[in-house]
Amino acid sequence: MPSEEAISKIQPIQVLEDNIIWVWYRGKEAVVVDPAVTAPVKKWLENNGLKLIAVLQTHHHSDHIGGTKGLLKSWPNASVIAAEADIERIPFQTFSVKGGDNISLLGTSIEVLNVSAHTKNHIAYFLPKVNKNSSIPALFCGDTLFSGGCGRLFEGSPHDMYKAIQKLCSLPAETEVFCAHEYTESNLKWANNLLPNDAAIKNKLNEVIKLRRKGATTLPSTIREEKLINLFVRSSSPEELGKLRLHKDSWQN
């Protein structure tokens, strides 16, 4: 087990076109969130002398589970934590959970949140304290909440997404949001197109453009920031969110 003095860190690995795989590690042990592919994760873990102890799956889409089986070939004792209700679509899960459950990894308590909307069994993982002496919480939310956006409604309704976002936005404002795609620039360009005089959105978009030109990720965001810049978070009703989602689905940058 890692020493009590070991500090947890969260590392992004950018893969495919816009996926971000998060590696949360402490001491010599690591947890991987939604591995889309195997090779870059395996290489990063091995280069840093880390042992994979668990994989957190938020939902069943292939660009979130595609690398898990490959990682298990190298670390066969790692747990695969996923929604019990998605056992048919994530059959290799070894530890099944549901909303309201609490689990512990890397010496940290994790709350499982039911955020069904993007898919009908989507879950998120909330860490009230990433480190023992830190007050900064973390959220691994998959494809539910993005910086400046939210997930498409493949299996859920606007009401489902509104409920899920309200749940996430009830978390502490300083919660760091580790979503699974680098969509921030596109989301904010869309929002800026709708509300060209919104200073918060415009300023954030300018900041994001500079980061992306350097090849840097814009994530994590925070709940506090999303309340300022995210039109879906700012929606006053499921109906408003639904109209925004339809508009975003058909918008072309």
Side-chain angles (χ1 to χ4, degrees), residues 1-15 19-38 40-59 64-65 67-68 71-72 74-75 77-82 93-95 97 99-113 115 123-147 168 170-182 211 216-226:
M1 294 295 291
S3 68
E4 284 298 314
E5 291 74 25
I7 301 297
S8 286
K9 296 181 180 179
I10 301 174
Q11 167 75 24
I13 300 177
Q14 300 184 60
V15 301
N19 280 73
I20 296 185
I21 301 169
W22 296 104
V23 181
W24 166 36
Y25 63 102
R26 179 171 179 254
K28 293 297 182 180
E29 296 182 333
V31 174
V32 170
V33 185
D34 284 347
V37 292
T38 300
V41 181
K42 181 175 182 288
K43 180 179 179 180
W44 195 90
L45 292 174
E46 290 177 342
N47 286 348
N48 288 275
L50 295 172
K51 173 188 176 183
L52 180 67
I53 64 163
V55 174
L56 297 179
Q57 307 279 193
T58 62
H59 64 294
H64 292 256
I65 68 172
T68 303
L71 291 173
L72 292 176
S74 296
W75 293 278
N77 294 321
S79 299
V80 179
I81 300 167
Q93 61 181 274
T94 60
F95 193 91
V97 295
D101 285 352
N102 283 274
I103 58 177
S104 180
L105 288 169
L106 302 182
T108 301
S109 176
I110 304 167
E111 182 181 352
V112 180
L113 305 176
V115 288
I123 56 177
Y125 301 90
F126 175 60
L127 288 60
K129 288 188 176 183
V130 177
N131 288 299
K132 183 177 180 181
N133 297 318
S134 170
S135 61
I136 300 178
L139 173 70
F140 296 113
C141 56
D143 285 0
T144 300
L145 180 65
F146 298 123
S147 185
L168 297 184
S170 71
L171 299 174
E174 65 272 19
T175 300
E176 291 188 318
V177 179
F178 296 89
C179 55
H181 289 275
E182 179 57 74
L211 285 171
T217 181
T218 65
L219 304 167
S221 179
T222 65
I223 294 296
R224 178 182 290 109
E225 185 167 60
E226 293 311 305

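Worth knowing before you read on, the calculation uses all heavy atoms, side chains too, and leaves out hydrogens, waters and symmetry mates.
- Residues satisfying the side-chain contact (heavy atoms from CB on, under 4.5 Å) test with Thr108, not counting sequence neighbours, are Trp24, Leu127.
- Between Leu113 and Leu139, the closest side-chain pair of non-hydrogen atoms falls below 4.5 Å.
- Counting only residues at least two apart or on different chains, the salt bridge (Lys or Arg N to Asp or Glu O under 4.0 Å) pairs with a member in residues 43-56 are Lys42-Glu46.
- Here the OG1 atom belonging to Thr94 is positioned 7.5 Å from the CG atom belonging to Leu72, to the nearest 0.5 angstrom.
- Every residue was checked against the salt bridge (charged side-chain N to carboxylate O under 4.0 Å, His left out) condition with Glu111, not counting sequence neighbours, and none meets it.
- Residues Pro35 and Val55 form a side-chain contact, since some pair of their non-hydrogen atoms from C-beta on lies under 4.5 Å apart.
- Ser109 pairs by the side chain to side chain donor-acceptor pair (under 3.5 Å) definition with nothing, not counting sequence neighbours.
- Partners of Val33 by side-chain contact (heavy atoms from CB on, under 4.5 Å), not counting sequence neighbours, listed by chain and number: Trp22, Leu56, Phe140.
- For the side-chain contact (heavy atoms from CB on, under 4.5 Å) test, residues two or more places apart in sequence or in another chain that qualify with Ala54 are Val31, Ser79, Ile81, Leu105.
- Partners of Thr68 by side chain to side chain donor-acceptor pair (under 3.5 Å), not counting sequence neighbours, listed by chain and number: Gln57.
- Classification of the His64-His59 ring pair by plane angle, with boundaries at 30° and 60°, yields tilted.
- Every residue two or more places apart in sequence or in another chain that forms a side chain to side chain donor-acceptor pair (under 3.5 Å) with Thr218 is listed here: Glu182, Thr184.
- Scored by the side-chain contact (heavy atoms from CB on, under 4.5 Å) test, Pro172 finds Phe126, Pro137, Glu174, Thr175 as partners (sequence neighbours excluded).
- With values rounded to the nearest 0.5 angstrom, Leu52 atom CG is found 10.0 Å from Glu29 atom CD.
- The minimum heavy-atom distance linking Leu168 with Ile223 is given by the pair O-CD1, 3.5 Å.
- Smallest separation of non-hydrogen atoms from Ala36 and Ile21: N-CD1, 3.5 Å.
- Heavy atoms only, all atoms of each residue included: Leu45 and Ala30 are closest at CD2-CB, 3.7 Å.
- Closest non-hydrogen pair, Lys28 versus Gly49, comes out as CD-O, 3.4 Å.
- The ring pair (Phe, Tyr, Trp, His ring centres under 6.0 Å) search around Tyr25 returns Trp44, not counting sequence neighbours.
- Partners of Thr38 according to the side chain to side chain donor-acceptor pair (under 3.5 Å) rule, which considers only residues two or more places apart in sequence or in another chain, do not exist here.
- Side-chain N or O atoms of Asp34 include one that pairs as donor or acceptor with a backbone N or O of Thr58 at under 3.5 Å.
- When all heavy atoms of Arg26 and Ser8 are compared, the closest pair comes out as CD-OG, 3.4 Å.
- Between Val177 and Leu219, every side-chain heavy-atom pair lies at or beyond the 4.5 Å cut-off.
- Of all heavy-atom pairs between Ser147 and Cys179, the closest is N-SG, 4.1 Å.
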